[in-house]
2 protein chains.
Amino acid sequence: MPSSNSVRLEDIARQLRISVATVSRALSGDARVKAATRELVLQTAAQMGYVPNSVARGLRKGRTYMLGVLIPKYDDAFFVEIVKGVEHAARSRQYKVLIASSEQSYQRERESTQMFQQGGVDGLLVCLCKETRRYQHFEQLIKRNIPIVQFDCVSKTLASDRVTTDDVLGARQAVDYLLNSGRRRIAYLGGPAQLEGYQNRLRGYREALQAAQIPYDEQLIVHSDHGARAGDMEVIANFLKKLQPLPDGIFASNDLLAILAMKSLKRMGLKIPEDIAIVGYGNSPFSTIYEPALSTVFQPAFEMGEQATQLLIERIESSDNESPLPFQDLTLPTYFIQREST
Amino acid sequence: MPSSNSVRLEDIARQLRISVATVSRALSGDARVKAATRELVLQTAAQMGYVPNSVARGLRKGRTYMLGVLIPKYDDAFFVEIVKGVEHAARSRQYKVLIASSEQSYQRERESTQMFQQGGVDGLLVCLCKETRRYQHFEQLIKRNIPIVQFDCVSKTLASDRVTTDDVLGARQAVDYLLNSGRRRIAYLGGPAQLEGYQNRLRGYREALQAAQIPYDEQLIVHSDHGARAGDMEVIANFLKKLQPLPDGIFASNDLLAILAMKSLKRMGLKIPEDIAIVGYGNSPFSTIYEPALSTVFQPAFEMGEQATQLLIERIESSDNESPLPFQDLTLPTYFIQREST
DNA sequence: GATAAAAATGTAAACGTTTGTATTATCTTT
DNA sequence: AAAGATAATACAAACGTTTACATTTTTATC
């Protein structure tokens with residue numbers, strides 16, 4: 001039994017002895033209603049504590065003013081920052097945001113997408129989880145006219161806008177800095193290699209070396225799959241112990257790896273940055289906590305969330321138009337942050 | 001113009017030459033529809049790719065199966081963990097979650113509450129922001145039969161369930177540990193003193209001392225308002241420098257303060273834990289990153305989110321009942337985590 | 001002051017479900 | 001095979017808006 005204990009248009013209408021339609025129009029600022037009536041309606045509505053029922057409106061208009069955002073995980077300041085950006089942009093355009101995390105599971109990604117669809121979102125912001133190889137669950141939304149904007153971890157095969165950060169550039173900035181400060185033997189600590197972002201970071205690393213005419217050396221490369229932290233620590237420690245001669249610089253593809261490397265180096269009795277300089281990636285909160293504070297590459301996560309949301313809203317609101325906008329592919333620049341580790 | 005490009009009950013009904021009502025009942029597992037028909041409907045629905053329109057259902061049933069969650073900020077692993085718990089519990093009961101952050105602003109708290117209300121949530125989970133002193137925006141929801149569950153930072157004057165962690169206990173666990181390891185002169189680093197949680201931590205500190213028959217010494221107490229990190233650092237450093245004789249233990253009311261203290265102590269050339277043992281509060285991700293790893297008090301944030309959500313859903317689903325459930329006031333236990341700093 | 005034009009308001013249908021009640025089909029029982 | 005009981009289905013209203021279209025009121029023009 002629907003509990004209609006709140007004020008409806010009808011209540012206002014009855015109170016003022018006018019029709020529901022006029023009340024509705026007054027409230028939505030329709031020019032066809034007399035200024036005096038509008039005032040009266042606005043006043044009465046406020047006084048009676050009217051709050052529009054957006055479920056009803058949603059049904060009628062085919063719009064819910066809700067956006068879904070699907071991230072791979074919550075325990076990562078990067079994604080949290082993105083969500084902040086999303087909420088910020090959504091709020092300023094009067095959209096609400098539904099949230100879910102796939103926890104890096106394809107299965108849950110599908111479930112959540114389904115949930116968003118039946119929850120009636122007007123559009124979806126999504127960062128693919130690393131297991132994802134098939135995209136029908138997203139294509140289904142698109143077919144139903146629910147636009148998608150991908151961010152960070154994206155697929156080129158989906159008909160959607162995309163917003164990413166320039167990981168090649170970011171890595172170049174990091175490695176260039178090391179090179180400019182005189183380092184020549186620079187190791188690379190890689191994260192999950194199947195992720196495109198990490199591939200790009202490696203690419204940036206190679207490009208930087210190439211530009212400085214330093215040959216690429218396989219021995220200086222290691223990948224850690226970033227499962228348990230203890231596992232990563234072991235991989236890194238082993239890698240560093242075996243490396244002869246030691247590098248004079250390290251570029252880690254994320255801040256956590258950088259910190260694990262610093263921990264290893266400290267235990268080996270090495271000084272940072274004197275003996276070995278180190279740069280991380282992502283500007284995670286960890287980077288300022290650890291000692292020495294980690295130099296790193298800033299990724300504009302908040303801005304990414306904002307821009308993606310803006311694109312999405314534009315696409316939603318232009319969907320009545322016959323001529324569809326072409327898909328955009330935004331790449332946001334990164335920048336280097338110098339701290340104590342270099 | 002509502003875009004009805006998706007399959008509706010009517011489409012299935014027409015296809016099978018039966019009525020919409022029967023389709024609806026078949027789908028919802030009503031016993032009154034013949035097994036054969038139900039099968040047929042289920043099959044056709046799946047095949048046509050039917051996805052129920054929950055906006056329409058929401059309008060009819062007066063239920064949206066959406067929960068709102070309002071936190072004071074995103075940049076805090078504690079709240080993120082709570083959101084994870086909320087999503088987990090919500091998902092298992094088929095609820096969706098709308099999210100917003102007040103960013104510690106009373107104004108934004110009100111706006112978000114309003115947004116949730118007009119977004120049609122069935123209930124609201126809320127952690128009060130530290131500015132909040134008046135509660136009419138919440139009372140308004142309650143009056144409209146939208147139940148609220150408060151967590152962490154709560155007001156006793158609101159008619160709602162509450163879930164908190166036992167901060168007095170947590171502080172006692174921390175200080176007891178220091179006392180049991182032979183420390184006698186224990187300093188207290190306080191956070192924002194207006195927050196009840198912090199008052200309770202101080203209380204726990206005092207109770208622990210009292211139980212050990214150690215007099216409470218005002219000189220060992222400092223509060224930092226936790227604005228900018230640099231500001232906190234200065235307050236703490238000054239406090240420690242002036243303190244004569246130095247304490248042999250420190251209990252910090254949150255992990256960040258603990259780490260700032262450790263940084264200060266290291267600069268003063270002191271050894272942790274040999275010279276001074278230190279315990280933080282909250283088990284933030286920082287606590288395992290810093291060296292030495294910080295002993296701390298674990299707060300069951302995920303569980304808090306889960307429990308609060310469960311309470312909320314129960315209240316929502318029992319709201320048809322004439323006899324209202326009494327409000328619950330859950331307090332979850334904390335526990336001490338021993339690491340390198342003690 | 002009659003008429004046309006413009007402005008303001010009203011009527012009713014629609015959005016896609018769910019559900020109380022009415023109707024029809026099927027089965028029992030005699 | 002007629003009656004009643006029961007099972008299965010259909011009809012139609014309702015949820016609170018928005019909006020196309022119809023109607024009434026006001027204003028302007030002669």
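Letters go in sequence order (proteins before strands), and every chain restarts at 1. What you are looking at is a predicted structure, and each value in this text was computed from that prediction instead of being measured. When reading the values below, keep in mind they use all heavy atoms of this one structure, side chains included, and skip hydrogens, waters and symmetry mates.
- Within a 6.0 Å sphere centred on NE2 of A:His137, other residues, nucleotides and ligands contribute more than 12 heavy atoms.
- Looking at heavy-atom distances under 4.0 Å, B:Arg57 makes contact with sugar-phosphate atoms alone, never a base.
- Summarising the geometry, the separation between CG on A:Asp30 and P on D:dT19 is reported as 9 Å, rounded to the nearest angstrom.
- When the C1' atom of D:dA22 is taken as reference, atom CZ of A:Arg32 falls 12 Å away, rounded to whole Å.
- Salt bridge A:Glu139/A:Lys143: absent, no basic N to carboxylate O contact under 4.0 Å.
- Between B:Ala35 and A:Ser28, it is B:Ala35 whose nearest contact on DNA chain D lies nearer the 5' terminus.
- Looking at heavy atoms from C-beta onward, A:Thr44 lies out of side-chain contact with A:Tyr50 at the 4.5 angstrom threshold.
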Might you work through the side chain to side chain contact (heavy atoms under 4.5 Å, CB included) test for B:Leu128 and B:Ser155, ending with a clear yes or no? CA-CA 8 Å; B:Leu128 262 30; B:Ser155 158; 3.6 Å; yes
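- For D:dG16, the OP1/OP2 oxygens have a side-chain nitrogen or oxygen of A:Arg8 closer than 4.0 Å.
- Under a 3.5 Å cut-off, the side chain of B:Ser24 and the backbone N or O of B:Val20 do not form any donor-acceptor pair.
- For the pair B:Tyr65/B:Ser54, no side-chain contact is recorded, criterion being any heavy-atom separation below 4.5 Å from C-beta on.
- Scanning atom types as modelled, one donor and one acceptor separated by under 3.5 angstrom connect the side chain of B:Arg60 and the base of C:dT18.
- D:dT17 atom P lies 4 Å from atom CG of A:Leu9, rounded to whole Å.
- Distance, A:Lys61 NZ to D:dA20 P: 11 Å, rounded to whole Å.
- The stretch residues 41-55 of chain B touches DNA chain C through B:Tyr50, B:Asn53, each having a heavy atom within less than 4.0 Å of the strand.
- Atoms NZ (A:Lys34) and C1' (D:dT26) sit 9 Å apart, rounded to a whole Å.
- With hydrogens and angles disregarded, no donor-acceptor distance shorter than 3.5 Å links the side chain of A:Thr64 to the backbone of A:Gly58.
- A salt bridge links B:Asp30 with B:Arg32: at least one charged nitrogen is closer than 4.0 Å to a carboxylate oxygen.
- Comparing A:Thr37 and B:Glu10, the nucleotide of DNA chain C nearest to each residue sits closer to the 5' end for A:Thr37.
- Remark: B:Val20, B:Ala21, B:Ser24, B:Arg25 in residues 16-25 of chain B come within less than 4.0 Å of DNA chain C through at least one heavy atom.
- The CZ atom of A:Arg38 sits 9 Å away from the P atom of C:dA8 (whole-angstrom rounding).
- Taking atom CZ of B:Arg63 as the reference point, atom C1' of C:dT19 lies 16 Å away to the nearest angstrom.
- With salt bridges taken as basic N to acidic carboxylate O contacts below 4.0 Å, one links B:Glu81 and B:Lys84.
- Between B:Tyr65 atom OH and C:dT17 atom P the separation is 15 Å, expressed in whole Å.
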